[in-house]
Protein chains: 2
Amino acid sequence: MAQLRIALAQVNATVGDLDGNSALVAEWTRRAHEAGAHLVVFPEMVLTGYPVEDLALRESFAAASKQALTTLAAQLAESGCGDVASVVSYLDRDEAGPRDAVAVLHGGRVVATQFKHHLPNYGVFDERRYFKPGQTLDILRIHGAEVGMVICEDIWQEGGPISALGEAGVDLVVSPNASPYERDKDDVRLPLVARRAAEAGAPLVYVNSVGGQDDLVFDGDSMVVAADGTLLTRLPQFVEHLAVVDLDLPAGATRDEGPIGEFTVTRRTLHDEPLPAYEPLRIPEPAEPLSELAEVWSALVLGLRDYVRKNGFRSVVLGLSGGIDSAVCAALAIDALGADNVHGVSMPSVYSSEHSKSDAQDLAERTGLHYQVQPIADMVATFTAQLGLTGLAEENVQARCRGVTLMGLSNQHGHLVLATGNKTELAVGYSTIYGDAVGGFAPIKDVPKTLVWELARWRNEQGDAPIPENSISKPPSAELRPGQVDTDSLPDYPLLDRVLDDYVEGDRGYGDLVAAGFAPELIDRVLRMVDAAEYKRRQYPPGTKITFRAFGRDRRLPITNAWREGK
Amino acid sequence: MAQLRIALAQVNATVGDLDGNSALVAEWTRRAHEAGAHLVVFPEMVLTGYPVEDLALRESFAAASKQALTTLAAQLAESGCGDVASVVSYLDRDEAGPRDAVAVLHGGRVVATQFKHHLPNYGVFDERRYFKPGQTLDILRIHGAEVGMVICEDIWQEGGPISALGEAGVDLVVSPNASPYERDKDDVRLPLVARRAAEAGAPLVYVNSVGGQDDLVFDGDSMVVAADGTLLTRLPQFVEHLAVVDLDLPAGATRDEGPIGEFTVTRRTLHDEPLPAYEPLRIPEPAEPLSELAEVWSALVLGLRDYVRKNGFRSVVLGLSGGIDSAVCAALAIDALGADNVHGVSMPSVYSSEHSKSDAQDLAERTGLHYQVQPIADMVATFTAQLGLTGLAEENVQARCRGVTLMGLSNQHGHLVLATGNKTELAVGYSTIYGDAVGGFAPIKDVPKTLVWELARWRNEQGDAPIPENSISKPPSAELRPGQVDTDSLPDYPLLDRVLDDYVEGDRGYGDLVAAGFAPELIDRVLRMVDAAEYKRRQYPPGTKITFRAFGRDRRLPITNAWREGK
């Protein structure tokens with residue numbers, strides 16, 4: 001038997017910030033060292049951040065990443081942490097091309113490196129564009145235990161490196177990951193990790209990134225699973241966290257080397273013999289799982305906070321219409337940045353109801369955000385009179401005067417503008433391009449309207465109730481003409497969201513939708529709206545992905561597209 | 001020997017329009033039949049258009065594509081064209097997944113099918129996301145000649161299907177392509193096709209798409225190359241064209257079948273024996289190559305025309321500032337759509353020079369486009385006074401009032417708005433988001449500023465001289481404050497474009513740029529501007545790609561990105 005104390009460093013790296021990320025790894029390795037860990041595992045590509053997209057192809061960046069890795073190895077030793085084996089993932093590049101790589105740093109040197117084998121090229125992932133797959137596996141003997149590594153997608157695929165490690169013989173597998181959050185995904189991860197542990201015949205230490213990066217948010221949810229699939233511990237979601245776990249490993253692995261299947265296996269030894277027996281720490285209890293709504297809320301808060309912070313902003317400005325969407329966006333922004341960094345602007349037009357103004361005011365009073373009123377009547381009148389605008393053109397000019405107002409305040413005061421549209425609106429094109437669609441970030445872009453209401457009710461139950469009850473309960477309206485409500489132009493939201501769930505997330509065709517029981521006229525109408533709005537979605541700001549299929553790189557459809565389902 | 005008359009059908013399909021594209025294939029097969037052709041070859045995925053992006057993943061669309069193929073086979077026979085072997089590429093789907101496929105239709109049936117093997121996953125291509133690679137090769141005996149097929153990327157890669165065909169033995173290779181235009185690419189295609197003909201040991205018939213699809217334009221440039229690499233004929237660029245070629249084939253191919261390398265080769269026979277000898281047609285002369293500037297101009301005109309037409313618009317509206325960019329966009333729009341479908345709007349502010357108005361007026365008079373003047377002074381004053389905007393915020397509000405004006409006219413009258421920014425501006429962020437950046441399409445988005453001038457001069461030499469001389473010769477200015485010129489904020493354009501060419505198209509790092517002789521301060525300044533403008537580019541409308549690396553899906557960088565070259 002071999003004892004090993006392993007630290008899981010669930011950290012929040014920043015894409016491109018090699019210096020900052022190196023400092024982050026050094027700091028958390030120091031903490032692991034202080035806790036007596038022999039091995040500390042960081043998330044996938046912690047040194048460069050993830051995903052780096054086309055930076056992966058730039059030779060200067062790959063060279064800087066490799067340089068940062070060796071510098072970091074030396075720094076860790078100089079700071080007295082050289083005895084800890086630090087599993088640091090980074091961007092490598094060799095004659096074959098760029099590599100999604102992991103290294104083990106120990107004693108001031110890089111003692112092992114390995115490249116990711118399975119390269120996901122679906123959904124939000126384009127890794128076949130960037131990386132060449134690895135064919136080698138380094139197994140490291142640490143205090144008598146044989147430790148293998150696999151990177152992220154390598155554990156999502158049956159067979160491959162995990163099987164080879166199982167066949168070669170390992171006592172432990174560690175896995176750096178950058179697995180983006182989406183609803184219900186954590187229910188998938190545990191059984192998956194458990195299956196792979198069984199395939200390897202060894203405990204599996206799964207460490208995932210945490211933090212926001214453009215339209216992705218990583219939720220952490222790191223874990224340790226025993227060889228028999230039992231969950232030993234699980235880290236909290238959406239926060240940086242260090243967990244330290246003592247494992248009692250069999251140290252009975254066979255020690256095959258050389259070619260195994262398509263892989264070349266190399267054994268390296270840091271310490272041949274097990275440590276003298278020591279008293280293990282109590283394994284930390286698995287973190288209490290978040291409720292579904294708490295999880296989504298946390299994802300949206302972290303995605304927004306990190307977009308603002310990592311892009312160098314300190315404050316945001318958004319329009320407050322008195323409606324549910326802007327109220328939820330304001331509440332998210334306050335949870336992310338504090339009320340003092342949130343600036344709300346009520347921009348009533350001649351068609352605005354009394355409650356649109358009073359509900360916005362109520363929100364401001366409940367939360368303490370900065371609040372101002374900027375009526376748009378004069379602006380709108382100037383455009384409509386000079387250009388002779390009527391009907392839809394007049395409706396849109398109201399939304400656009402609001403957009404110009406928010407951008408003017410942004411330019412003048414340095415706030416980031418938030419676009420407050422939800423996924424349902426974005427799907428059917430129920431928004432005004434360059435109007436309510438302006439913004440640097442769209443916090444609820446991937447949240448269907450019915451979920452916006454659920455989130456609002458849930459958030460109001462968490463003590464302080466930031467969102468006015470009337471914003472939740474009143475019928476939604478864009479208020480671009482007298483007496484307008486959304487259901488003048490759209491089906492009821494619960495029904496609409498069910499159609500959209502099948503068409504957008506499920507990618508189902510006309511026949512499937514009919515079979516699901518939707519009326520043909522409804523299907524026609526909704527699908528036509530979705531298809532026609534593609535050009536608007538292309539110019540929409542990024543926002544945090546929380547569903548299986550978000551708009552953006554997750555769903556890539558042509559704008560010029562004559563295909564109509566059911567034709 | 002076996003004689004064969006082959007038609008190259010260089011046609012313009014529309015993405016998603018299965019009915020329209022079927023009719024197109026039927027019509028051009030009829031023309032080929034009338035010309036006595038035995039074989040007609042269409043471009044890659046002619047039945048669905050290309051690229052279909054995520055439509056490839058939708059089962060209902062793949063099923064409809066397969067259905068359209070069999071329906072088309074029957075229709076061709078019914079219309080008396082069943083004797084022509086029609087090479088029609090389409091979207092297939094089997095148990096392995098979606099396929100980029102080609103079929104031969106003959107006698108009312110599908111007589112051969114084959115799937116693309118090499119799937120490009122770089123630049124603008126994401127084919128590993130969509131398709132499973134094929135491993136089979138169908139060789140068809142047509143009037144005694146053994147005819148093999150390879151799809152697009154399969155001829156861009158050394159080895160692979162072409163080698164296997166050469167080894168199996170073929171008398172002719174036909175290749176459907178959807179190869180997007182970029183500058184200088186046609187200089188690459190001929191030597192490549194010639195090498196592959198030699199590898200196959202047979203003449204190669206290369207048929208490429210023509211037409212615009214969102215940010216891509218396909219230039220045609222189809223050709224026939226003899227087994228020894230001699231160019232036999234070449235079709236004109238940027239137009240639909242049918243060429244008919246008689247080839248005298250050796251019909252001496254060995255007739256291997258079964259597994260060859262990684263491929264399974266199957267022989268199928270339409271007609272075992274050669275035709276009785278007949279008098280061949282004279283092979284058409286290769287089309288006269290276009291000059292470099294004529295080629296770019298034609299690409300931009302076709303890209304713009306097809307975006308407008310295929311999206312159901314008939315007319316466009318754009319701001320005319322009197323400057324070179326809007327003048328060139330107007331001239332392109334007139335060449336694409338006719339002056340009667342182009343609406344120019346001069347939108348002077350209090351800072352606008354006299355020449356900005358007179359040059360716009362001059363453009364209108366030279367070309368006969370619809371012209372109106374909409375001063376923005378009142379609109380701007382309303383915003384700046386009410387919101388207290390100064391400095392950059394005031395500059396931007398001018399651009400945004402112009403944006404709202406154009407969008408208002410678009411909504412009121414149904415014109416598509418054109419954004420007139422060039423690639424250089426887009427690179428360094430020298431544009432106002434939701435201001436001059438508004439539009440459904442951006443005709444010169446991928447044209448560097450120095451090339452805009454070259455194109456203007458070239459276009460004015462082609463007879464009618466639409467562009468005012470003063471727009472070409474005066475120093476460029478955004479005119480957002482008194483006396484402003486671009487060089488207040490930017491390096492001289494020729495120097496700037498050279499840096500951008502290395503950084504954006506070349507993806508070179510700081511060290512390379514220093515080695516290229518650029519001053520470190522200049523590099524720092526330009527690269528910082530480029531990196532900081534990523535968020536603006538994400539919300540910019542699509543525009544025709546003409547360079548090796550266009551902004552958009554061709555260059556995918558994170559917005560949140562702390563990496564700075566040279567740090």
Side-chain angles (χ1 to χ4, degrees), chain A residues 14-17 20 52-55 57-61 121-122 126 128-129 213-214 307 310-311 374 378-379 382-383 386-390 392-393 396-397 400-401 403-405 407-409 411-412 434 438 440 507 509-511 535 538-539 541-542 555-563 565, chain B residues 14-17 20 52-55 57-61 121-122 126 128-129 213-214 307 310-311 374 378-379 382-383 386-390 392-393 396-397 400-401 403-405 407-409 411-412 434 438 440 507 509-511 535 538-539 541-542 555-563 565:
Chain A
T14 299
V15 161
D17 189 6
V52 297
E53 304 188 49
D54 277 10
L55 281 179
L57 305 175
R58 198 179 298 169
E59 292 185 33
S60 57
F61 185 65
N121 208 69
Y122 54 80
D126 286 312
R128 301 295 293 252
R129 176 182 177 89
Q213 169 61 27
D214 290 351
Y307 189 89
K310 292 180 178 178
N311 282 289
Q374 293 290 355
D378 292 351
M379 307 160 181
T382 314
F383 282 102
Q386 181 173 327
L387 304 174
L389 304 181
T390 56
L392 183 69
N396 282 340
V397 98
R400 293 201 178 105
C401 284
V404 174
T405 298
M407 291 306 298
L409 296 171
N411 287 154
Q412 192 74 32
Y434 321 126
V438 309
D507 208 18
Y510 187 84
Y535 78 100
R538 291 292 185 91
Q539 297 191 37
R555 183 180 188 266
R556 306 178 190 176
L557 283 173
I559 300 175
T560 305
N561 174 10
W563 173 244
E565 288 288 337
Chain B
T14 298
V15 162
D17 189 5
V52 296
E53 306 187 52
D54 277 10
L55 281 180
L57 305 175
R58 199 179 297 169
E59 292 186 33
S60 57
F61 185 65
N121 209 68
Y122 54 80
D126 285 312
R128 301 296 294 253
R129 177 181 177 89
Q213 169 61 27
D214 290 350
Y307 188 88
K310 291 180 178 179
N311 282 289
Q374 294 289 356
D378 293 350
M379 305 160 181
T382 313
F383 282 101
Q386 181 173 330
L387 303 174
L389 304 181
T390 57
L392 182 69
N396 281 342
V397 97
R400 293 199 179 108
C401 284
V404 175
T405 299
M407 291 305 298
L409 296 172
N411 287 154
Q412 192 73 35
Y434 320 126
V438 310
D507 209 18
Y510 187 84
Y535 79 98
R538 291 294 186 93
Q539 296 190 37
R555 183 178 188 268
R556 307 177 190 178
L557 284 172
I559 299 175
T560 305
N561 174 9
W563 173 245
E565 288 288 338

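In what follows, every chain begins at residue 1, and chains take the letters A, B, ... in the order their sequences are listed.
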Next on the checklist: Counting heavy-atom pairs under 4.5 Å with chain B, which one of A/Lys310, A/Glu59, A/Arg400 comes out on top?
Outcome noted: A/Arg400
Checklist entry - For the residue pair B/Tyr510 and B/Glu565, what are the closest heavy atoms and their distance? => result N-OE1, 2.9 Å
Item to check | Part of B/Thr14 lying under 4.5 Å from any heavy atom of chain A | outcome: side chain
Checklist entry - When rounded to the nearest 0.5 angstrom, what distance separates CZ in A/Arg129 from CD in A/Glu53? => result 9.0 Å
Checklist entry - Do you know which of B/Ser60, B/Gly403, B/Gly408 has the most heavy-atom pairs with chain A at a distance under 4.5 angstrom? => result B/Ser60
Item to check | Closest-packed option against chain A by number of heavy-atom pairs under 4.5 Å, given B/Leu409, B/Val52, B/Asp126, B/Thr390 | outcome: B/Thr390
Item to check | Over all atoms of both residues, closest heavy-atom pair of A/Phe383 and B/Met379 | outcome: CE2-SD, 3.3 Å
Checklist entry - Can you check side-chain contact (heavy atoms from CB on, under 4.5 Å) on B/Thr560 and A/Val15, steps first, answer last? => result CA-CA 7 Å; B/Thr560 305; A/Val15 161; 5.6 Å; no
Checklist entry - Under a 4.5 Å heavy-atom cutoff, which of A/Asn396, A/Val397, A/Leu57 has the most pairs with chain B? => result A/Asn396
Item to check | A/Asp214 side chain near A/Tyr307 side chain, heavy-atom distance below 4.5 Å | outcome: yes
Checklist outcome for this item: A/Arg58 and B/Leu557 have their tightest heavy-atom pair at NH2-CD1, 3.8 Å
Checklist entry - Do you know which of B/Ala393, B/Gly509, B/Gly440 has the most heavy-atom pairs under 4.5 Å to chain A? => result B/Ala393
Checklist entry - What part of B/Pro542 lies closer than 4.5 angstrom to a heavy atom of chain A: side chain, backbone, both or neither? => result side chain
Checklist entry - Can you say whether B/Phe61 sits under 4.5 Å from chain A via the side chain, the backbone, both, or neither, judging by heavy atoms? => result both
Item to check | Contact leader toward chain B among A/Ile559, A/Asn561, A/Thr405, A/Leu55, where contacts are heavy-atom pairs under 4.5 Å | outcome: A/Ile559
Checklist entry - Below 4.0 angstrom, N of the basic side chain to O of the carboxylate: do B/Asp54 and A/Arg555 qualify? => result no
Checklist entry - Who among B/Gln374, B/Arg556, B/Gln412 has the most heavy-atom pairs with chain A under 4.5 Å? => result B/Arg556
